[in-house]
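Worksheet: the structure to be examined is printed underneath.
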Amino acid sequence: MTASNTQQPRTGDVPPYDPTAVEQKWQARWRERGTNHTDLAGGERPFYALMMFPYPSAEGLHVGNLFAFTGNDIYGRFQRLQGHTVFEPLGYDAFGIHSENYALKVGEHPMRLIPRNVANFQRQLERAGLMVDWRYAVDTTDPHYYKWTQWVFLQLYKQGLAYKKTAAVNWCPSCKTVLANEQVIAGECERCGSTVEQRELEQWFFRISAYAERLLDNLDWLDWSETTKTAQRNWIGRSEGARLTFLAPVHGAVAPDADAELAEEHPAVMSAHRIVVFTTRPDTVFGATYLVLAPEHPLVDALTTDAQRDAVSAYRERVLHQDLVSRKVVGDKEKTGVFTGSYAVNPATNALVPIWIADYVLMEYGTGAIMAVPGHDERDFEFAQKFDLPIVRVVAAENEDADTPLAAAYTENEGGRLVASGEFDGLSVAEGKQAITQWLAERGAAEPQVNYRLHDWCISRQRYWGPPIPVLYCERCGTVPVPEEQLPVVLPDIEDFRPDDTGVSPLARHEEWYYTDCPTCGGRARRETDVSDTFLDSAWYFLRYPSARRDDVPFDAELTRKWLPVNSYIGGNEHAVLHLLYARFITMVLHDAGLLEFEEPFTRFRAHGLIIREGAKMSKSRGNVVNPDEYMSAWGADAFRTYLMVLGPYEQGGDFRDSGISGVKRFLDRLWTSVYEAREQGAGSREQGADRGVLRKLHQTIRKVGEDIPRLSYNTAIAAMMEYMNVLRAGERQVHVAEVKPLVQLVAPFAPHVAEELWEALGGATSVFDAGWPEFDPALAAEETVQLAVQVNGRLRGTISVSPDVTQEGAYAAAMAEPQIAKFVTGEPKKIVFVKGRLLNIVV
RNA sequence: GCUCAGGUGGCGAAAUCGGUAGACGCGGCGGGCUUAAACCCCGCUCCCGGUGACGGGGUCCGGGUUCGAGUCCCGGCCUGAGCACCA
């Protein structure tokens with residue numbers, strides 16, 4: 001990395017451009033004058049420009065953070081130049097397992113560690129020159145903040161959307177602690193390498209699944225990056241199908257509702273277990289040759305015969321003790337399973353089919369049981385082959401012989417016809433789905449069903465570093481929510497915050513905190529010791545910013561009405577599903593509680609790209625991490641910001657390399673020089689006519705930059721300004737004030753400090769950000785002549801210089817006057833294609 | 001495996017609606033300024049042939065649609081990200 005902080009001016013009276021001095025001067029001025037303070041109550045045309053707040057890691061600000069924030073800052077500053085009152089807040093997402101693990105590693109308490117990290121972040125962020133109003137910063141670990149996070153929990157509890165149930169967690173028997181899925185590597189603990197087990201714990205959940213349909217439907221009208229919407233749609237995972245009932249005979253009791261005809265064939269069905277399966281392919285029911293239940297399915301015990309009991313128990317034991325990750329990791333994992341010994345009746349064929357259990361069927365999805373159709377499902381096919389179960393074809397492609405044995409599952413949805421399906425033969429898959437579901441429904445064996453992949457949100461963490469879940473367990477009253485007026489439930493400052501082998505949070509060890517009085521009866525009560533998921537902290541922070549200085553309400557009604565929903569939200573696509581979905585969910589819940597007028601928090605969302613280096617993600621282990629401080633010292637924050645924006649399309653990211661930054665710095669140097677040289681000349685010394693071309697380019701640039709910034713096409717906006725600079729200084733011509741002053745305004749969102757300095761040098765009385773956007777004059781931007789491409793048979797044969805509104809006839813005549821073009825036109829043209837102002841194609 | 005994004009000069013990239021491919025920048029080459037260097041300024045820079053005007057080829061590969069395809073359609077290859085037995 002090489003750089004110079006100063007440069008020698010070309011002519012005598014241009015002061016040197018020292019970025020460090022300029023940036024310090026303006027940051028100090030902004031502070032003194034409150035330039036970045038938003039008038040939340042009085043400001044007109046409010047514009048809320050939100051960026052995802054960072055987790056303040058010990059390593060300090062990452063270039064990725066800065067790339068994200070700069071992009072948002074440019075957008076926000078641009079909106080301000082357009083006359084909006086812009087609110088651009090920022091804060092810290094400082095709770096969570098990241099911070100806690102780091103604290104454990106270095107052996108320092110997070111309550112001491114985090115404030116230091118935050119201070120360091122703050123220093124780096126201020127240096128970058130963001131238009132952030134720091135008076136409204138939030139910190140999720142501040143009791144004044146998490147008091148309201150706990151309040152949000154209580155709102156869900158009140159509505160019956162928070163509930164407790166038993167769920168499995170990963171457990172490391174050697175570290176004696178609960179592990180997050182990310183901490184389990186190939187079935188082993190990331191820290192000590194022991195084999196991870198599964199443990200059942202009581203945990204708190206939010207009923208987000210009840211909102212699945214709304215969360216999905218609203219996506220249709222949200223102005224969001226398409227990629228993000230697709231990711232959410234996939235995550236919600238709507239699938240349409242049917243629940244089918246299979247009866248499994250039982251000895252003894254009598255089932256009164258059993259089908260008479262069926263009973264004749266299988267008398268035992270008169271008393272039967274009802275096994276309900278979910279399928280998206282009811283059309284293939286004639287090919288269902290066995291059933292599979294999840295090992296945890298409640299009917300497994302009842303269905304297991306004595307002969308199979310040992311095998312089934314052993315299998316269940318093994319599956320239920322495996323860690324959560326390995327169970328679901330597929331890859332080359334072979335199918336496993338055990339036969340229960342029982343059979344069920346296929347409601348379509350009345351044939352008896354064996355009932356198996358296998359870990360590839362998950363209890364959380366559908367009904368925890370499937371009908372296996374090996375002919376038309378890859379997983380079932382693999383399983384049937386391994387265990388030698390019958391594979392029957394019930395769908396065939398148009399040109400396929402229905403009797404050909406299947407070499408693999410045929411899963412095509414379109415183009416196939418039903419075969420071996422009785423009266424339904426010949427129907428398409430879509431028709432079959434409909435007809436068979438209806439047929440079975442009439443006999444009480446089917447009902448249409450929509451399923452979602454989206455699971456309820458487990459918010460419990462058996463950890464220390466988070467907001468305690470505000471619930472008490474009273475010996476007399478049972479579960480009691482902490483009354484709102486008693487919030488916050490403060491996280492105690494305990495030295496011993498390490499997890500231990502009890503499987504409950506370290507908070508449980510601190511009796512003075514753990515035991516308290518029941519707010520209802522005054523008796524003895526225990527506190528909930530789980531803390532809530534970090535994603536809950538960030539699921540509502542955007543509501544808090546405008547009201548961050550109010551301690552009596554989570555969010556002020558009037559400010560919220562004025563500033564929300566958020567006008568523009570920018571962030572990484574790594575949060576496309578979890579964070580953005582949770583934030584939408586919480587907003588909907590608060591809306592339904594009558595606390596918010598809107599149900600979608602972010603009107604517009606754009607995902608920015610990722611900054612990589614030398615083709616790889618930056619990471620400490622690769623040693624390719626860029627420290628923003630070094631670059632800002634060497635080149636200045638302005639050049640660094642602008643460089644980050646020029647290195648690729650903002651929504652795509654780019655490859656960081658040192659080489660390109662000098663070009664950006666050179667551009668700012670040239671701007672600096674131009675301004676001082678122009679000032680020397682004074683205003684109004686412009687010769688008429690001679691500057692027409694420059695003026696035209698200026699107005700074209702104003703238009704281009706004004707179009708590019710709203711669509712986050714920052715790299716092309718900068719290129720356009722560089723082009724203008726090349727025209728401005730071409731052949732060392734004298735630059736005039738009127739030519740360069742608007743350029744300073746255009747540059748301002750990208751390089752705010754130097755723009756302020758130059759604006760002041762040109763006599764600007766206010767901050768450049770209160771000076772508005774330069775006026776665009778379409779008449780001045782219009783070209784007098786255009787280069788029209790002339791093709792013969794689609795091949796470029798030359799260009800002609802014509803007026804932009806030349807007609808086809810005029811263009812043709814002009815083209816034929818060029819011998820270079822005319823020589824390719826032999827005889828009368830068969831056809832002429834003319835695109836006004838662009839091209840003429842002569843087909844001969 | 002599935003979903004999404006992408007594949008264009010030596011490099012980062014541009015081409016917004018199917019209309020002159022390579023804007024802008026880095027690097028490289030040549031020149032000016034300078035005692036000299038740095039800085040700065042000017043010119044050239046997709047490939048092949050030609051001194052040149054110019055001609056031919058060229059946007060991952062193979063087909064197609066069109067007067068015209070980087071852009072649209074079909075098939076395939078490669079890279080990156082996310083999800084992962086969701087019936």
Side-chain angles (χ1 to χ4, degrees), chain A residues 4 6-11 226-228 230-231 233-235 237 239 241 277-281 292 327-331 333 335 358-362 364-373 377-380 382-383 451-455 573-574 576-577 607 609-610 612 615-617 643 646-649 651-664 666-667 669-670 673 704 707-708 711 713 715-716 718-723 725-726 729-732 787-799 820 829-835 837-844:
Chain A
S4 60
T6 56
Q7 58 136 151
Q8 287 304 306
R10 192 168 53 139
T11 54
E226 247 348 281
T227 56
T228 312
T230 310
R233 287 195 181 104
N234 291 343
W235 188 261
S239 48
V277 303
F278 173 74
T279 179
T280 54
R281 295 291 306 272
V292 187
R327 163 94 186 253
K328 295 198 180 181
V329 158
V330 228
K333 196 182 151 203
K335 291 274 179 291
D359 69 351
Y360 82 93
V361 174
L362 309 171
E364 315 93 81
Y365 186 75
T367 61
I370 61 156
M371 66 171 198
V373 184
D377 181 281
E378 281 164 23
R379 295 152 301 179
D380 298 344
E382 192 192 328
F383 192 83
N451 248 339
Y452 297 93
R453 256 187 57 145
L454 184 65
H455 295 145
N573 228 358
E574 69 272 19
V577 279
L610 220 65
I612 55 170
K617 222 166 156 171
Y643 170 62
V646 90
L647 99 199
E651 291 178 78
Q652 240 170 74
D655 200 355
F656 188 97
R657 50 193 65 213
D658 291 0
S659 59
I661 195 166
S662 58
V664 168
R666 205 165 291 154
F667 167 70
D669 286 342
R670 300 217 299 166
T673 309
K704 173 83 175 144
E707 282 168 2
D708 282 355
R711 57 191 186 94
S713 188
N715 54 336
T716 56
I718 295 163
M721 291 188 283
M722 287 176 164
E723 263 186 77
M725 177 66 76
N726 291 341
R729 297 183 64 84
E732 308 198 42
Q787 293 298 307
L788 194 77
V790 181
Q791 300 180 335
V792 178
N793 289 340
R795 296 182 66 92
L796 185 71
R797 293 303 179 186
T799 58
Q820 284 303 332
K830 280 198 216 118
K831 183 176 177 181
I832 294 174
V833 181
F834 178 67
V835 183
R838 298 213 80 128
L839 131 161
L840 180 76
N841 187 11
I842 304 162
V843 185
V844 294

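As the structure is a computational prediction, the values presented were derived from the model and not from experiment. So you know, we letter chains A, B, ... as the sequences are listed, proteins then strands, and number each from 1.
Not counting sequence neighbours, the partners of A:R233 by the side chain to side chain donor-acceptor pair (under 3.5 Å) test are A:D220. With sequence neighbours excluded, the residues forming a side chain to side chain donor-acceptor pair (under 3.5 Å) with A:Q820 are A:K823, listed by chain and number. In terms of the salt bridge (Lys or Arg N to Asp or Glu O under 4.0 Å) criterion, residue partners of A:E723 (sequence neighbours excluded) are, by chain and number, A:K697. Every salt bridge (Lys or Arg N to Asp or Glu O under 4.0 Å) that A:D377 has, sequence neighbours left out, goes to A:R379. With sequence neighbours excluded, the residues forming a side-chain contact (heavy atoms from CB on, under 4.5 Å) with A:S713 are A:D708, A:R711, A:N715, A:T716, listed by chain and number. Taking A:S239 as the reference, A:Y365 meet the side chain to side chain donor-acceptor pair (under 3.5 Å) condition, with sequence neighbours excluded. For A:T227, the side chain to side chain donor-acceptor pair (under 3.5 Å) partners at least two apart in sequence or on another chain are A:N573.
Between A:R666 and B:G25 there is no side-chain polar atom (N or O) within less than 4.0 angstrom of OP1 or OP2. Note on A:R797: a side-chain N or O is less than 4.0 Å away from OP1 or OP2 of B:G56. Contact check, A:R453 against B:A87: no side-chain N or O comes under 4.0 Å of OP1 or OP2.
Of the candidates B:C54, B:A87, B:C26, B:A87 carries the atom nearest the A:S239 side chain, counting heavy atoms from C-beta on. When each of B:A87, B:C26, B:A5 is scored by its nearest atom to the side-chain atoms of A:S662, the top-ranked nucleotide is B:C26.
Going from atom CZ of A:F383 over to atom P of B:C85 covers 16 Å, rounded to whole Å. Straight-line distance from the CZ atom of A:F667 to the P atom of B:C41: 13 Å, rounded to whole Å. As rounded to whole Å, 15 Å separates atom P of B:U3 from atom CZ of A:R233. Rounding to whole angstrom units, NZ of residue A:K831 and P of B:G68 are separated by 9 Å. Counting to the nearest Å, the P atom of B:C4 and the CG atom of A:N234 are 7 Å from each other. Nucleotide B:G68 holds its C1' atom 16 Å from the CZ atom of A:F834, rounded to whole Å. In this structure, A:R795 atom CZ and B:G56 atom P are separated by 5 Å, rounded to whole Å. At whole-Å resolution of the value, CZ in A:F656 and P in B:C26 are 16 Å apart.
Nucleotide B:C54 has B:G49 as its partner under the Watson-Crick or G-U criteria, with both atom distances under 3.5 Å. Pair assignment for B:G70 gives none, since no Watson-Crick or G-U wobble pairing has each distance under 3.5 Å. Partner assigned to B:C83 is B:G1, using Watson-Crick or G-U wobble distances below 3.5 angstrom. If you check B:A15 for Watson-Crick or wobble pairing at under 3.5 angstrom, you find it has no partner at all. Across all strands shown, B:C44 pairs with B:G28; the Watson-Crick or G-U wobble distances both stay below 3.5 Å.
B:C78 and B:A87 are spaced 28 Å apart, taking the P atom of each and rounding to whole Å. Taking atom C1' in both B:A36 and B:U20, one finds a spacing of 46 Å when rounded to whole Å. Taking atom P in both B:U59 and B:G70, the straight-line distance is 7 Å, to the nearest Å. Straight-line distance between the C1' atoms of B:G9 and B:G57: roughly 14 Å, to the nearest whole Å. Separation of the C1' atoms belonging to B:C26 and B:U79 is 23 Å when rounded to the nearest angstrom. One C1' atom belongs to B:C85, the other to B:C72, and the distance between them is 37 Å to the nearest Å. To the nearest whole angstrom, the two C1' atoms, one in B:G52 and one in B:C17, are 39 Å apart. With C1' as the reference atom, B:C73 and B:U65 are 7 Å apart, rounded to whole Å.
The glycosidic torsion of B:G9 lies within 90° of 0, placing the base in the syn range. Taking the syn range as angles within 90° of 0, the glycosidic angle of B:C29 is outside it, so the base is anti.
In the model, A:R797 has no side-chain atom that pairs as donor or acceptor with a side-chain atom of A:N841 under 3.5 Å. A side-chain donor from one of A:Y360 and A:D380 sits under 3.5 Å from a side-chain acceptor of the other.
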B/S/- contact track for nucleotides 13-24 of chain B, protein heavy atom under 4.0 Å: SS-B--BB--BS
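Map A:N573 and A:F278 each onto its nearest nucleotide of RNA chain B; the residue landing nearer the 5' end is A:N573. Residue order along RNA chain B, read from the 5' end via each residue's closest nucleotide, puts A:V577 first among A:T367 and A:V577.
Note on A:V664: nothing from the nucleic acid sits closer than 4.0 angstrom, heavy atoms only.
The base of B:C85 sits with one of its N or O atoms less than 3.5 Å from a complementary donor or acceptor on the side chain of A:K335.
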Close N/O contacts between protein and nucleotides 62-65 of chain B (under 3.5 Å):
none

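In this structure, A:E364 CD and A:R453 CZ are separated by 11.0 Å, a value rounded to the nearest 0.5 Å.
The minimum heavy-atom distance linking A:R281 with A:M371 is given by the pair O-CE, 3.6 Å.
Atom CD of A:E378 is surrounded by 12 or fewer heavy atoms from other residues, nucleotides or ligands within 6.0 Å.
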